[in-house]
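We use all heavy atoms of the structure for the numbers below, so side chains are in, but hydrogens, waters and symmetry mates are not. To find a chain, count down the sequence lines: A is the first, B the second, and so on, and within it residues start at 1. Given the structure is predicted, the values throughout are model-derived calculations rather than measurements.
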Number of protein chains: 4
Amino acid sequence: MPMELRSGYVRASGYANKIRKVLFAITRGRAEPEEVVRAAAELNQYLFGKFQELGVRKEDVVRISIGFSIDGGKIIWDYDSLKIEVYRREEEKNLAQAMEEVEEREKALDEAIKELENLAERLRALSDEISEKVEKLKQEHSGLKLQVER
Amino acid sequence: MPMELRSGYVRASGYANKIRKVLFAITRGRAEPEEVVRAAAELNQYLFGKFQELGVRKEDVVRISIGFSIDGGKIIWDYDSLKIEVYRREEEKNLAQAMEEVEEREKALDEAIKELENLAERLRALSDEISEKVEKLKQEHSGLKLQVER
Amino acid sequence: MPMELRSGYVRASGYANKIRKVLFAITRGRAEPEEVVRAAAELNQYLFGKFQELGVRKEDVVRISIGFSIDGGKIIWDYDSLKIEVYRREEEKNLAQAMEEVEEREKALDEAIKELENLAERLRALSDEISEKVEKLKQEHSGLKLQVER
Amino acid sequence: MPMELRSGYVRASGYANKIRKVLFAITRGRAEPEEVVRAAAELNQYLFGKFQELGVRKEDVVRISIGFSIDGGKIIWDYDSLKIEVYRREEEKNLAQAMEEVEEREKALDEAIKELENLAERLRALSDEISEKVEKLKQEHSGLKLQVER
C-alpha cells in the first residue's frame with residue numbers, strides 16, 4: 001500500500017526531527033520503532049545532500065513530501081516521488097520567523113518531556129523495589145506461592 | 001561453613017511453611033530463591049515421612065533442628081544432625097492452642113500480603129504503561145533520543 | 001451489640017500491641033482508627049495496673065478476654081467481664097519459649113513492614129511529582145482544562 | 001517590574017490558548033495558576049472584541065504583544081501598550097497554512113498529554129490504595145506507630 005510522508009512547513013534546521021516525528025505518527029502500529037528510526041535516518045541523509053546542492057540555509061523554511069511503502073515491516077522510500085520546496089528567509093520573512101518560534105517552543109517541550117521521562121524511570125525503579133520487597137515479605141513471612149514457583 | 005536451621009515451636013500442620021520461611025531468613029543473600037525452595041521441599045518431604053513414623057498429628061506441636069552447609073550455592077542437609085521434638089496436644093494443651101492461634105494469625109497475614117502483592121503487580125503494569133506513553137510522546141512530539149537508539 | 005476481645009496467648013511483654021492489633025481486626029469498618037487507638041490505650045493502661053498487682057513478669061504468658069460495645073462510634077469496655085489468665089514461665093516452659101519466639105518473629109515482620117511503608121511513602125511523593133509535572137505540561141503546552149478550572 | 005507578553009505568530013482560531021500558554025511560561029513561579037487563568041481570560045475577552053472590530057477570521061494569523069505588571073500576585077495588563085498585527089490568509093498563504101499545521105500538531109499533542117494525565121491520575125489512586133493497605137497491615141499485624149498517632 002503506497003503511503004506519503006508530508007513534512008509540512010519546517011525550519012530547515014529542524015527538518016530531520018520533523019521527518020522522524022511525522023514518520024512515527026503515520027506508521028504507528030505498522031512498523032517497529034527501530035525501522036522507523038532507520039528509515040528516517042536514511043531519508044534525512046539523502047535530504048542533507050539535496051539541501052547542500054540547493055544551498056538551503058538553516059533559517060530557510062522547507063517542505064518535503066515523498067512516497068513510501070511498507071513491505072515485510074520495512075519502509076521503502078520512493079525517491080522518484082520526492083518533492084522539496086524551499087522558502088528563503090528573505091522572501092518569506094514572516095514564515096521564517098514563525099517557524100523559528102515553533103522551533104523554540106519545541107525545545108521547551110523537549111525539556112518538559114525529558115523531565116517526565118526521568119520521573120517515569122524513577123517510577124519503574126521504585127515499583128521494582130516494591131515488588132522485590134513484597135516478594136521478600138512473602139518468602140520470610142508467608143506461605144504464599146513465590147515467583148520462583150510459578 | 002556449617003549452619004543450623006531451627007524451626008522453633010510450630011504446629012505440625014504448618015511445619016513445611018515454617019521450615020521454608022526460616023530457611024529463607026537465615027540464608028538471605030547466600031542462596032538463590034530457587035535453591036531455597038528446592039532445599040526446603042527436600043527437607044520437608046523427608047520430615048513428612050518421619051512424622052508419619054512418629055504418628056504426629058497436625059494438632060501436635062513440633063520443633064525441628066538440622067545442620068546444613070552451602071556449597072557452590074547449593075544447600076546440603078546434614079541429616080545425621082536432625083532433631084525432632086514432638087509435643088502431643090493432650091500433654092501440652094496450652095502450647096498446642098497457642099500454636100493454633102499463631103497459625104490463624106498467619107493465615108490473616110497471608111491474606112493481607114496477597115492483597116499487597118496484587119497492588120504491587122498493578123503498580124508495575126501501570127508504570128510500564130506510563131513509560132510506554134512517554135516513549136510514544138517522545139517519538140511523535142520530540143527530538144529526544146529514543147529507547148531504541150540507546 | 002455486645003462484642004468480645006480475646007487476646008489469645010501472648011507474651012506479657014507484648015500484651016499491649018496484641019490488644020491493639022486484635023481490636024483493629026475485630027472492629028474493622030465499625031470504628032475510626034483514632035478511637036481504636038484510644039480504646040486500646042485505655043484498656044492497656046488498666047491491664048498494666050492489674051499485671052502489677054498480679055506480679056506478672058514480661059516473660060510470663062497471659063491471655064485476656066473482655067466484653068465491649070460500640071456506641072456512636074465509641075468503644076466502651078465492660079470491665080466487669082474482664083478475665084486475665086497468667087501462665088508463669090516456670091510452670092509452662094514450652095509455652096513461654098514458644099511465645100518468645102513469636103515475639104521475635106513479629107519484630108522481624110515489623111522491620112519488613114516498616115521498609116514497605118517507606119517505599120509506599122516514596123511512591124506517593126513520586127506520584128505527586130508526576131501529577132505536578134503533567135499539570136505544568138498542560139499549562140505551558142496544551143489547551144486542556146487545568147486543575148484550577150475544575 | 002514591567003513585563004511583556006508576546007504571543008508570537010498564531011492562527012487566530014487559537015489565540016486564546018496561545019496567550020494562556022505563554023503567560024504560564026513567562027510568569028512561572030511569580031503568579032498562582034488561578035491568577036494566570038483569570039488574567040489570560042480577561043485579556044482574551046478584550047482581544048475577542050478587538051478581533052471582531054478588525055474583522056479577523058479564524059484562518060488569519062495574528063501576533064499580539066502587551067505589557068503587564070505583577071502587583072501583590074495580581075497580573076495587571078497595560079492595555080495602552082497592546083499591539084495587534086493581523087496577517088490575512090490571502091496575503092500570507094504560506095504563513096497561514098504553516099500555522100494551521102501547527103494547530104493540528106498541537107491537537108495531537110493535547111491528546112497525548114490527556115492520556116498521560118489519565119495515567120497520572122490512576123497512579124495517584126493506586127499509590128493511595130497501597131498506602132492504605134500498608135497502614136491496615138500495620139494496624140492488624142504490627143506494633144509500629146500508626147498514621148493517627150503522628
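Taking chain A as the reference chain and counting heavy-atom pairs below 4.5 Å, the highest number among D/L95, D/V102, D/V22 is found for D/L95.
With a 6.0 Å radius and a threshold of 12 heavy atoms from other residues, nucleotides or ligands, A/E32 has its CD atom at or below the threshold. Counting heavy-atom neighbours within 6.0 Å of A/E149 CD, excluding the residue itself, gives a total above 12. Heavy atoms from other residues, nucleotides or ligands lying under 6.0 Å from CD of D/Q45 number 12 at most. More than 12 heavy atoms of other shown residues, nucleotides or ligands fall within 6.0 angstrom of atom OH in A/Y79.
Counting only heavy atoms from C-beta outward, the side chains of A/E101 and D/R6 never approach each other to under 4.5 Å. Proximity of D/L109 to A/L109: side-chain heavy atoms (C-beta onward) are separated by under 4.5 Å at one or more points. Counting only heavy atoms from C-beta outward, the side chains of A/V61 and D/N94 never approach each other to under 4.5 Å.
Considering CD1 of A/I113 and CD1 of D/I113, their distance stands at 7.5 Å, rounded to 0.5 Å.
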Residues D/H141, A/H141; criterion side-chain contact (heavy atoms from CB on, under 4.5 Å); working and verdict:
CA-CA 11 Å; D/H141 295 280; A/H141 296 279; over 6 Å; no
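Using a 4.5 Å cut-off between heavy atoms, A/I130 makes no contact with chain D at all.
Of the listed residues (A/E100, A/M99, A/Q97), just one forms a side-chain contact (heavy atoms from CB on, under 4.5 Å) with D/Y9, and that residue is A/Q97.
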